[in-house]
Amino acid sequence: MTQSAHCPVPDQPSLNWHLRNTTKASDDLRHLISDIARSAKYISYAIQTTDTGLSGNTNSFGENQLKLDELSDDIIRENLCENGTVCCYISEEKDDVIELDPSATFTVVFDPLDGSSLVDANFSIGSIFGIYQDGDIIGKTPRDQVAALYVLYGPRTLLIYSCGNGSGVHEFILNDVGEFKLLRSHLGVADEAKNYSPGNLRAVTTHPQYNIAVEEWMADEKTLRYSGCMVADIHHILSKGQGIFTNIGGGADSTYPDGKLRHVFECGPFAYLVEEAGGLSSDGTQSILDKKITDVDQRTAIIIGSKNEVEKTVRTLSA
Ligand code: AHG
Ligand code: MN
Ligand code: MN
């Protein structure tokens with residue numbers, strides 16, 4: 001970093017300053033992350049001001065789409081189009097890969113609004129993003145991401161990002177004039193978990209080993225922290241520096257045979273962030289970071305968080 005005496009290190013660095021001075025991100029990647037952050041400001045505002053009723057549409061998975069899902073998707077699309085370095089994007093709200101410019105550099109995968117069914121209850125919700133170099137992510141793995149970030153819309157709006165390769169995971173807060181300012185740098189995840197966050201708990205009826213894992217957490221007197229929004233629940237782990245989050249499939253005859261969450265735009269970005277912070281992710285046999293992308297709407301089981309607890313849970317689930 002070359003720092004002019006006229007440009008001292010700011011007391012509270014902005015996201016742009018942080019990207020430019022503490023990472024090896026190219027200018028293109030820095031601009032892309034900044035434009036994604038801009039879309040998050042609009043989504044944050046929309047959540048506070050938009051009708052939260054159902055739109056009557058369903059997405060490719062047959063789920064009801066809230067107006068805010070569609071609006072968030074539109075806001076992100078507009079910002080990615082304006083950015084100019086995105087060759088294509090894959091959104092949870094769209095059935096296909098959306099091509100923008102074949103000659104451009106990045107593919108962006110995202111869940112525009114995660115936990116959207118919680119909006120009317122005024123729970124925290126979020127947006128999740130993964131960034132890949134070049135087009136066509138089929139056959140790649142989440143380890144190929146060049147950056148990942150999420151935004152948590154709670155009592156405060158927070159943005160957490162990493163550019164990987166040991167550069168760390170960093171947390172920013174949206175201030176009153178619409179700037180993301182550094183709150184905490186180098187978030188870490190300890191090896192032992194005190195909190196547990198068991199998703200798709202309906203699977204315990206068909207997957208006895210999941211039931212045993214839950215009983216072990218209760219017997220250990222761990223503290224339950226589950227909100228129903230993956231962004232909030234995994235942010236809890238990164239914020240407190242420990243914990244475990246699971247979303248496990250219930251097997252062939254269950255509602256979600258392979259778990260409820262999507263490999264590409266939900267689990268992949270979080271695996272990148274949590275492993276960068278010193279935690280671990282698994283689908284039960286391998287790291288989520290090494291699981292091949294075969295389909296854009298592929299689902300995966302996920303066990304993620306504190307290393308020792310993830311390893312122990314994987315053993316319990318496969319016993
Ligand atoms: P989305 O709103 O994008 O469909 O995602 C909701 C997800 C995720 O955030 C959460 O972890 C999971 O649904 C909750 O599922 P269960 O309530 O079945 O545990
Ligand atoms: Mn989601
Ligand atoms: Mn969603």
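Heads up: numbering here begins at 1 and tracks the sequence. We count ligands from 1, going down the list as the structure has it; atoms in each ligand are counted the same way.
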> Given side chains that start at C-beta, do those of Ile90 and Ile98 come closer than 4.5 Å, heavy atoms only?
Replying inline: no
> Any side-chain heavy atom of Tyr45 within less than 4.5 Å of one from Thr157?
Replying inline: no
>> Does any part of the side chain of Phe180, heavy atoms only, come nearer than 4.5 Å to the side chain of Ile173, both counted from C-beta?
In response: no
> Heavy-atom distance under 4.5 Å between the side chains of Cys87 and Asp101, does that happen here?
Replying inline: no
> Do any nitrogen or oxygen atoms of Tyr226 lie less than 3.5 angstrom from nitrogen or oxygen atoms of ligand 1?
Replying inline: yes
> Which of the atoms in ligand 1, numbered in the order shown and given with their element, are less than 4.0 Å from a heavy-atom of Glu266?
Replying inline: 3 (O), 5 (O)
> Can the ring centroids of Phe106 and Tyr132 be said to lie less than 6.0 angstrom from one another?
Replying inline: no
>> Closer than 4.0 Å to some heavy atom of Gly199 - which atoms of ligand 1 meet that?
In response: 19 (O)
> Backbone or side chain, does any N or O of Arg262 fall under 3.5 Å from an N or O of ligand 1?
Replying inline: no
>> At less than 4.0 angstrom from any non-hydrogen atom of Leu113, what atoms of ligand 1 do you find?
In response: 2 (O), 3 (O)
> Can you list the steps and then say if Thr246 with Trp217 is a side chain to side chain contact (heavy atoms under 4.5 Å, CB included)?
Replying inline: CA-CA 12 Å; Thr246 51; Trp217 291 324; 3.7 Å; yes
> Should Ser117 be listed as contacting ligand 1, given a heavy-atom distance under 4.0 Å as the test?
Replying inline: no
> Roughly how far apart are Lys181 NZ and Glu171 CD, rounded to 0.5 Å?
Replying inline: 15.5 Å
> If we only count heavy atoms from C-beta on, is the Met230 to Asn247 side-chain gap below 4.5 Å?
Replying inline: no
> What are the protein N, O or S atoms, given as residue plus atom name, that sit under 2.8 Å from the Mn ion (ligand 2)?
Replying inline: Asp111 OD2, Asp114 OD1, Glu266 OE2
>> I'd like to check which ligand 1 atoms, numbered from 1 as shown, lie under 4.0 Å from a non-hydrogen atom of Gly115.
In response: 1 (P), 2 (O), 3 (O), 5 (O), 6 (C)
>> Counting only heavy atoms closer than 4.0 Å, does ligand 1 sit against the backbone of Leu261, its side chain, both, or neither?
In response: side chain
> Is Ser127 close to Phe129 at the side-chain level, that is, under 4.5 Å between some pair of heavy atoms?
Replying inline: yes
> Mind checking whether Ile304 and Cys267 have side chains closer than 4.5 Å, heavy atoms only?
Replying inline: no
> Which atoms of ligand 1 sit under 4.0 Å from any heavy atom of Met230?
Replying inline: 8 (C), 9 (O), 10 (C), 11 (O)
> ligand 1 and Leu201, any nitrogen or oxygen pair closer than 3.5 angstrom?
Replying inline: no
> Would Arg315 and Glu311 pass as an ion pair if we require N to O under 4.0 Å?
Replying inline: no
> Does Ser116 approach ligand 1 within less than 4.0 angstrom via side chain, backbone, both or neither, non-hydrogen atoms only?
Replying inline: both
> Any side-chain heavy atom of His170 sitting closer than 4.5 Å to one from Ile160?
Replying inline: no
> Which bit of Asp111 is near ligand 1, meaning a heavy atom under 4.0 Å away: side chain, backbone, both or neither?
Replying inline: side chain
